[in-house]
Amino acid sequence: MDFFPPPRPRDEEPDEESAFTRVPWEDAPEDVIGGIVPLERVLARNDHLAIVATQAVAYADGVEIRLRLRARRRPGMGRDEWALVSRGMWGYDDDPWQVAAAEEAAAQGRHPDGLLRFGVRFADGSVVTTVDERDDDDEWPGQRPERPVLSLNEEGGGSSGENIDSEYTLWLWPLPPPQLFELAVEWPLLGVDLTFTPLDGAEIAAAAARARPFWDS
């Protein structure tokens, strides 16, 4: 008798899964080479944090704005203050301290200070933000939204102890009009007041016209 039991018979191969259908207001297409607009715009900066829009990647149905966040422990910054910066950079979803702060803020009808938020203000004065709520938030894919959608997605990051890097993307659907618009950011926990940076919608529209699929078929 063998000591180790024999493997169980393998299950039959599952039926082929149905093809994934992209929902354009949720994220950028994966099978298209987007047209690129270098941005290199500093959206916000203080003595311990910089938020930079590095580039826009434009598609026929939206634009992805790529962001880099860099935090540093400046000379003389105490442990508690650096811990506060670190907590902000790493997010609050799994941090009991920040979760409690978020619950307190919600009870007061406001967003928590630790929540990094972005928005877009179009030339006609209309606004879309990353904290907008939709009636079908609990459904997927839900109904096609009647208003533009702005989504913030974390791409990754790392730390050297005294410095923290994070990368994010903003997905703006649909493609903005070929006019100047403003990108807004606010992050009270890390000392970022509401700040607006103009972006050129005409450049983004021209880049979208250059978008093409990876393969012709």
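Hydrogens, waters and symmetry mates are skipped; everything else that's a heavy atom, side chains included, is used.
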Counting only N and O atoms by type, is there a donor-acceptor contact under 3.5 Å from the side chain of [X] to the main-chain atoms of [Y]?
X      : Y      : answer
Thr130 : Phe118 : yes
Arg117 : Leu115 : yes
Arg73  : Met77  : yes
Trp187 : Gly114 : yes
Asn163 : Ser160 : no
His48  : Leu190 : yes

Quiz item: Are Arg66 and Glu64 ion-paired here, with the side-chain N under 4.0 Å from a carboxylate O?
Solution: yes
Sub-4.5 Å side-chain heavy-atom contact between [X] and [Y]:
X     : Y     : answer
Asp27 : Glu30 : no
Trp25 : Asp61 : no
Leu43 : Leu67 : yes

Sequence-distant partners of [X], side chain to side chain contact (heavy atoms under 4.5 Å, CB included), two or more places apart:
X      : result
Asp193 : none
Asp47  : Arg72, Arg74
Leu194 : Ala184, Glu186, Phe196
Ala205 : Pro178

Spacing of [X] atom [atom1] and [Y] atom [atom2] [to the nearest 0.5 Å]:
X      : Y      : atom1 : atom2 : result
Ser151 : Leu170 : OG    : CG    : 8.5 Å
Phe214 : Asp31  : CZ    : CG    : 8.0 Å
Leu39  : Gln55  : CG    : CD    : 7.5 Å
Asn153 : Trp171 : CG    : CH2   : 10.5 Å

Quiz prompt | Residues Asp200, Phe181; criterion side chain to side chain contact (heavy atoms under 4.5 Å, CB included); working and verdict | solution = CA-CA 7 Å; Asp200 190 344; Phe181 64 92; over 6 Å; no
Practice problem: Only one of Thr169, Leu199, Leu172, Ile204 passes side-chain contact (heavy atoms from CB on, under 4.5 Å) with Ile65; say which it is. | Solution: Leu199
Self-check item: Results of ring-ring contact (aromatic ring centres under 6.0 Å, His included) for Trp82 - residues two or more places apart only
Solution: none
Quiz prompt | Whether over 12 other heavy atoms sit under 6.0 Å from Arg210 CZ | solution = yes
Quiz item: Can you name the residues that form a side-chain hydrogen bond (donor to acceptor under 3.5 Å, both in side chains) with Thr195, not counting sequence neighbours?
Solution: none
